[in-house]
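To start, the structure under review is shown below, and the notes come after it.
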Amino acid sequence: MRTPLVAGNWKMHKTPSEARVWFNEFLDELGAVPPGVEVAVLPSFPLLPVAAEELAGSGVAFGAQDVSAHTWGAYTGEVAALQVADLGARYAVVGHSERRRYWQESSELVAAKTARALEAGLTPILCVGEPLEARERGEAEGFVLDQLRRSLQGVEPAGPDRLVVAYEPVWAIGTGRTATPNDAEAMAMAIREELAARYGAAFAERVRVLYGGSIKPENFAAILARPNVDGGLVGGASLEVASFLTLVRLAVGL
Ligand code: PEP
């Protein structure tokens, strides 16, 4: 039994004071985190101390959108996984398609970031996803599994609860286009099979595989209903308290 995870990726939005207002409103509306679902918020780095303060004791987790591939050192502008972990974060996104695309992050670099996140005690949310051309050529699965294999090169999570994989087709992120529930399920299943080949069946059975890409209250339930999809990585719809709350409620009791 895998507990669904609903994780909000705020990207480069909100000031620290806006984040404080969001957290307060969200916790007021949510009450307690309902049993049977895990909720996480992934704000940009300067908002993490605010998340740590406002979410303390609430049961809502938080994490970073990226971490450095280096442990420590003279890497101006970088943020170490250990710094993020020390704030009380649980997660770190690695390999988001925006970083792969705009900063040319390779899967080899993503594997190093994944390893640093694990060493720091964080759970990486490893993003993989195909561009539109790969899907149109019928090569989506091969593309994603190759990306997954290379992004996990040398990575040995201590257990299945220490890795989350997010399938995010590039053409669905921030575009309003969503994968069909069947396509999301087929890719989540292929990812799980690859994880089974890599880490064993018992591990793969317990790893959460999320879908991400233009999730909204109107399309989330059908995707979540698929057996291999264990929640969502949500961008735009996590910025407003009301829509994120609706997504969390849809995931309860899966
Ligand atoms: C994301 O940023 O991971 C994402 C899926 O964004 P959106 O929901 O806005 O498509």
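FYI, the numbering just counts along the sequence from 1.
- Annotation: Arg198, atom CZ; neighbour count of heavy atoms from other residues, nucleotides and ligands within 6.0 Å is above 12.
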For residues 138-150, run the donor-acceptor check on the side chains, cut-off 3.5 Å, and write out each pair with its distance to 0.1 Å, sequence neighbours left out.
unit_1 : atom_1 : unit_2 : atom_2 : d
Glu139 : OE1    : Arg137 : NE     : 2.9
Glu139 : OE1    : Arg137 : NH2    : 3.3
Asp146 : OD2    : Arg150 : NE     : 3.1
Asp146 : OD2    : Arg150 : NH2    : 3.3
Gln147 : OE1    : Gly129 : N      : 2.9
Arg149 : NE     : Glu194 : OE1    : 3.4
Arg149 : NE     : Glu194 : OE2    : 3.1
Arg149 : NH2    : Glu194 : OE1    : 3.3
Arg150 : NH1    : Glu108 : OE1    : 3.3
Arg150 : NH1    : Glu108 : OE2    : 3.1

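- Connection of Leu195 to Tyr91 is not established within any shared hydrophobic cluster, with ILVMFWY side chains joined at heavy-atom distances below 4.5 Å, either directly or through further cluster members.
- Here the closest heavy-atom approach between residue Tyr211 and residue Ala179 is recorded as OH-N, 3.0 Å.
- Contact record, Ala89 with Leu122: O-CD2, 3.4 Å, taken as the closest heavy-atom pair.
- Closest approach of Thr71 to Ala80, counting heavy atoms only: O-CB, 3.4 Å.
- Scanning all heavy atoms of the two residues, the minimum distance from Leu55 to Phe23 falls at CD2-CD2, 3.7 Å.
- Counted within 6.0 Å of CZ on Arg20, heavy atoms from surrounding residues, nucleotides or ligands total more than 12; the atom is thus considered enclosed.
- In this structure, a donor-acceptor pair under 3.5 Å is present between the side chains of Ser151 and Arg100.
- Ile125 and Val33 are not part of a single hydrophobic cluster, where members link through side-chain heavy atoms under 4.5 Å apart.
- Between Arg2 and Glu205 there is a salt bridge, since at least one side-chain N of the basic residue sits less than 4.0 Å from a carboxylate O of the acidic one.
- Residues Trp171 and Glu133 fail the side-chain proximity criterion, which asks for heavy atoms closer than 4.5 Å.
- Residues Ala40 and Leu5 come closest through the heavy atom pair CB-CD1, 4.1 Å.
- More than 12 heavy-atom neighbours from other residues, nucleotides or ligands sit within 6.0 angstrom of CD on Glu18.
- Side-chain contact check for Phe45 versus Gln65: every heavy-atom pair is 4.5 Å or farther apart.
- Using a 30° and 60° split on the angle between ring planes, Trp22 and Phe26 fall in the parallel class, below 30°.
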ask   = Checking salt bridge (Lys or Arg N to Asp or Glu O under 4.0 Å) for the pair Arg116/Glu78: CA distance, chi angles, key distance, verdict?
value = CA-CA 13 Å; Arg116 294 303 84 73; Glu78 288 279 89; over 6 Å; no
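- Interatomic distance, CD1 of Ile223 versus OG1 of Thr180, reported as 8.0 Å (0.5 Å rounding).
- Residues Phe244 and Leu30 fall within the same hydrophobic cluster, defined by Ile, Leu, Val, Met, Phe, Trp and Tyr side chains chained together at heavy-atom separations under 4.5 Å.
- Val128 and Met189 fall into different hydrophobic clusters, where Ile, Leu, Val, Met, Phe, Trp and Tyr side chains are chained together by heavy-atom contacts under 4.5 Å.
- The closest side-chain heavy-atom distance from Glu185 to Tyr167 is not below 4.5 Å.
- Put simply, the side chain of Val79 does not reach to within 4.5 Å of the side chain of Ser68, judged on heavy atoms.
- The main-chain N or O of Thr178 is never found under 3.5 Å from a side-chain atom of Ser214 such that the two would form a donor-acceptor pair.
- Distance CD/Gln104 to CZ/Arg99: 10.5 Å, rounded to 0.5 Å.
- Not one N or O on the side chain of Asp66 forms a donor-acceptor pair closer than 3.5 Å with the backbone of Lys113.
- Of the possible polar contacts, none joining the Glu105 side chain to the Gly95 backbone as a donor-acceptor pair under 3.5 Å is found.
- Within the 4.5 Å cutoff, no side-chain heavy atoms of Pro34 are placed close to those of Arg249.
- At least one donor-acceptor pair under 3.5 Å links the side chain of Trp10 to the backbone N or O of Ser238.
- The nearest pair of heavy atoms linking Val155 to Ala111 is CG2-O, 3.7 Å.
- The backbone N or O of Ala237 lies less than 3.5 Å from a partner atom in the side chain of Ser243, making a donor-acceptor pair.
- Screening Arg135, Arg226, Arg177 for a salt bridge (Lys or Arg N to Asp or Glu O under 4.0 Å) with Asp183, the sole residue that qualifies is Arg135.
- For the atom pair Leu250 CG and Asn219 CG, the distance stands at 10.0 Å (nearest 0.5 Å).
- Looking at Leu233 and Leu42, their side chains come closer than 4.5 Å, going by heavy atoms from C-beta outward.
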request  = Mind running side-chain hydrogen bond (donor to acceptor under 3.5 Å, both in side chains) on Trp103 and Glu98 for me, showing each step along the way?
outcome  = CA-CA 8 Å; Trp103 285 272; Glu98 286 155 10; over 6 Å; no
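- Annotation: the span from Ile173 atom CD1 to Ile215 atom CD1 amounts to 10.0 Å, rounded to 0.5 Å.
- Looking at Arg208, its side chain does come within 3.5 Å of a backbone N or O of Thr3 through a donor-acceptor pair.
- Of the possible donor and acceptor atoms, none in the side chain of Lys216 sits under 3.5 Å from a partner among the backbone N and O of Gly236.
- Placement of Leu210 and Leu126 in two distinct hydrophobic clusters is found when ILVMFWY residues are connected by side-chain heavy-atom separations under 4.5 Å, directly or transitively.
- Between the CD atom in Glu156 and the CG atom in Leu163 there is a gap of 11.0 Å [rounded to 0.5 Å].
- One finds the CD atom of Glu29 at 6.0 Å from the CG atom of Leu245 (value rounded to the nearest 0.5 Å).
- Checked by atom type and distance alone, the side chain of Asp230 pairs as donor or acceptor with a backbone atom of Val209 at under 3.5 Å.
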